[in-house]
2 protein chains.
Amino acid sequence: MNISSLDVRAGACSRCDIRDRAICGAMSMEELVALRRISHTRKFDAGSTILVAEEPATFFANVVSGVVKLNQVSSDGRQQIVGLLFPSDFLGRAFVRSNPYFAQAATDVVACVYRYDSFEKLLRDHPALEHRLFERTLNDLDAARDWMFVLGRKKAREKVASFLHLIASRYAALDAGCKEHPSETNHARFTLPLSRSDIADFLGLTIETVSRQLTHLKNDGVIHLLSTHDILVPDLRRLEGGSQGKHQAVA
Amino acid sequence: MNISSLDVRAGACSRCDIRDRAICGAMSMEELVALRRISHTRKFDAGSTILVAEEPATFFANVVSGVVKLNQVSSDGRQQIVGLLFPSDFLGRAFVRSNPYFAQAATDVVACVYRYDSFEKLLRDHPALEHRLFERTLNDLDAARDWMFVLGRKKAREKVASFLHLIASRYAALDAGCKEHPSETNHARFTLPLSRSDIADFLGLTIETVSRQLTHLKNDGVIHLLSTHDILVPDLRRLEGGSQGKHQAVA
DNA sequence: CGCACATTTGATATATGTCAATTTAGGTGG
DNA sequence: CCACCTAAATTGACATATATCAAATGTGCG
């Protein structure tokens, strides 16, 4: 079996937008073929549930487009979003069959889905794949801990600013992956993938507070609201500065 | 080289209290010898800094006794504890030389310390070790996300209750590891490893609020304060119930 | 065009933070 | 061993950020 025939069998993967950023990026052509054999594309409508908490998961997935939220829900109805997954992010908890959180499509989502058992087997057989997943998990852990600071120590205005900064950064990273320009611009324009309600659940606030802080940021000229979900940030540094964040310039 | 001579060279590891719970637990006698060669025991006084944030780490470590706090500090002095390490927990961020958080001894700490480069090499050579570390990282991630719910959605009283419950659970787990009784008791007694100030930084509160909530819990009979740092919990379920937590009994 | 839903805005309540004063505890030296 | 001294913890009075409740406005969809 030669390289070109493998390339054909790897099929769409070779042309996948997110391939080099996702876990599949580390894989050899052979491995990619194996991965593709156990995968298929699947769409989820905005708002639909992808994985139910505390129930045996039936698959792992890579987000191809759209945004997935990981939701922690208490019995009395309180919600906290504990993670956001963007294109190229990995969804699923290895080595434990039961999924710890509700995974829900925040927007329309396209995902590359892997059957659970097959993927775990692949993980055992291909240390490079497990290693790649490990590195992602470490990044997820860092991100979660960074967010703990936001939740525990930032004020409402700073929380909202941090959220906007996060969205801008993630989208910028995606663009950087596609186009070949470093894009060290200080402005950003994007469409919010979350509703006010979701933002509130991500920041540990209420809808009303989120809405108020957005109008404050708008009135201060830190952001422009092109429409409810379309935001223009003229100067990203003002978002960080206004958010009194971790890496604020020393006075 | 026979087993018994290996056993001798593994030395103290064979008798280590936390061995079967720490990453070393998965290792063969051969691997243990290799690990021991690059390790040594080190003590840290309460309050001393173990690893500085944003600086190249020089070692990894296993906590043998005491408690380590991982602190996230902003330039304007706000602090958030993003992780607590108990005996058998692993300290250090693999694959990235710079350490993301301040690691500080909350109590007097004894740790089993590994030279950075040597440990990374060991990691490359022993997939089982990396796998074990991966599983721990996944658990850390789950713990961090669970705590995000506490920080974002729980009230002060519930936060304090959650904290006490966490401490009780961790200590119970340690005891279970030592003695051979399942200890499904509903009461607990323990010494707080953190000052009120640390607890506040862990819960995203102020010292005063922590103190007030502790006296409320005391007045309600949920806890008894034997001394400032010694706590008796007559019924652990009341801690969870009173904390309005995730797994509250449905009314 | 109109309905349902999301978002904004306003008025008020309340939990937690802030500031300040005691009380308690722990550690050191006489 | 006790007394003192400092830091930690508690308690109180008050300020304020955010939640709650309620209404109005805006938006997308059939």
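Because only heavy atoms are used, hydrogens play no part in the values below, and waters and symmetry mates are left out as well, while side chains stay in. Just so we're on the same page: letters track the sequence lines, and every chain starts at 1.
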Rounding to an integer number of Å, can you tell me how far B:Gln213 CD sits from D:dT10 P? 12 Å
Worked check of side-chain contact (heavy atoms from CB on, under 4.5 Å) between B:Phe102 and B:Val73: CA-CA 8 Å; B:Phe102 278 102; B:Val73 185; 3.8 Å; yes
Check the distance between D:dT18's P and A:Arg212's CZ and give it to me in whole angstrom. 11 Å
For D:dA8, does either OP1 or OP2 sit under 4.0 Å from a side-chain N or O belonging to B:Ser197? no
Criterion salt bridge (Lys or Arg N to Asp or Glu O under 4.0 Å) against A:Asp89, the qualifying member of A:Lys69, A:Arg136, A:Arg21: A:Arg136
Sequence-distant partners of B:Phe59, ring pair (Phe, Tyr, Trp, His ring centres under 6.0 Å), two or more places apart: none
Taking only the side-chain nitrogens and oxygens of B:His229, find out if one of them lies under 4.0 Å from OP1 or OP2 of D:dA8. no
Taking the axis from the first five pairs and the axis from the last five, what angle separates them in the helix from C:dC1-D:dG30 to C:dG30-D:dC1, rounded to 10 degrees? 40°
Base, sugar-phosphate, or nothing for A:Leu214, non-hydrogen atoms under 4.0 angstrom? nothing
Phosphate contact (D:dT18 OP1 or OP2) by A:Thr209 side-chain N/O below 4.0 Å: no
For B:Phe60 and B:Phe90, take the angle between the two ring planes, folded into 0 to 90°, and tell me which bin it lands in: parallel under 30, tilted 30 to 60, perpendicular over 60. parallel
A:Asn62 backbone acceptor or donor facing A:Tyr114 side chain under 3.5 Å: no
Is it the case that D:dT11 (base atoms only) and B:Arg196 (side chain only) share a donor and an acceptor within less than 3.5 Å, ignoring hydrogens and angles? no
Without decimals, in angstroms, what is the distance between B:Asp201 CG and D:dA9 P? 12 Å
Nearest-angstrom distance from the residue atom NZ of A:Lys155 to C1' of D:dT16: 10 Å
Judged by modelled atom types alone, do A:Asp201 and A:Gln80 share a side-chain donor-acceptor pair under 3.5 Å? no
Quickly, which of B:Leu164, B:Leu225, B:Val67 forms a side-chain contact (heavy atoms from CB on, under 4.5 Å) with B:Leu192? Name it, please. B:Leu164
Using whole Å, what does the distance between atom C1' of nucleotide D:dT10 and atom NE2 of B:His216 come to? 12 Å
If you pin A:Ser227 and B:Arg153 to their nearest nucleotides in DNA chain D, which one's is more 5'? B:Arg153
By nearest-heavy-atom nucleotide on DNA chain C, the more 5' of A:Leu194 and B:Ala156 is A:Leu194
Euclidean distance, atom CD of residue A:Glu158 to atom C1' of D:dA17 [Å, nearest integer]: 12 Å
Interatomic distance, B:Asp146 atom CG to B:Leu166 atom CG [nearest 0.5 angstrom]: 10.0 Å
Only one of B:Ile81, B:Asn71, B:Leu51, B:Val82 clears side-chain contact (heavy atoms from CB on, under 4.5 Å) with B:Tyr101; which? B:Val82
Of all nucleotides in DNA chain C with an atom under 4.0 Å from a non-hydrogen atom of chain A, which is the first and which the last going 5' to 3'? C:dT7 to C:dA11
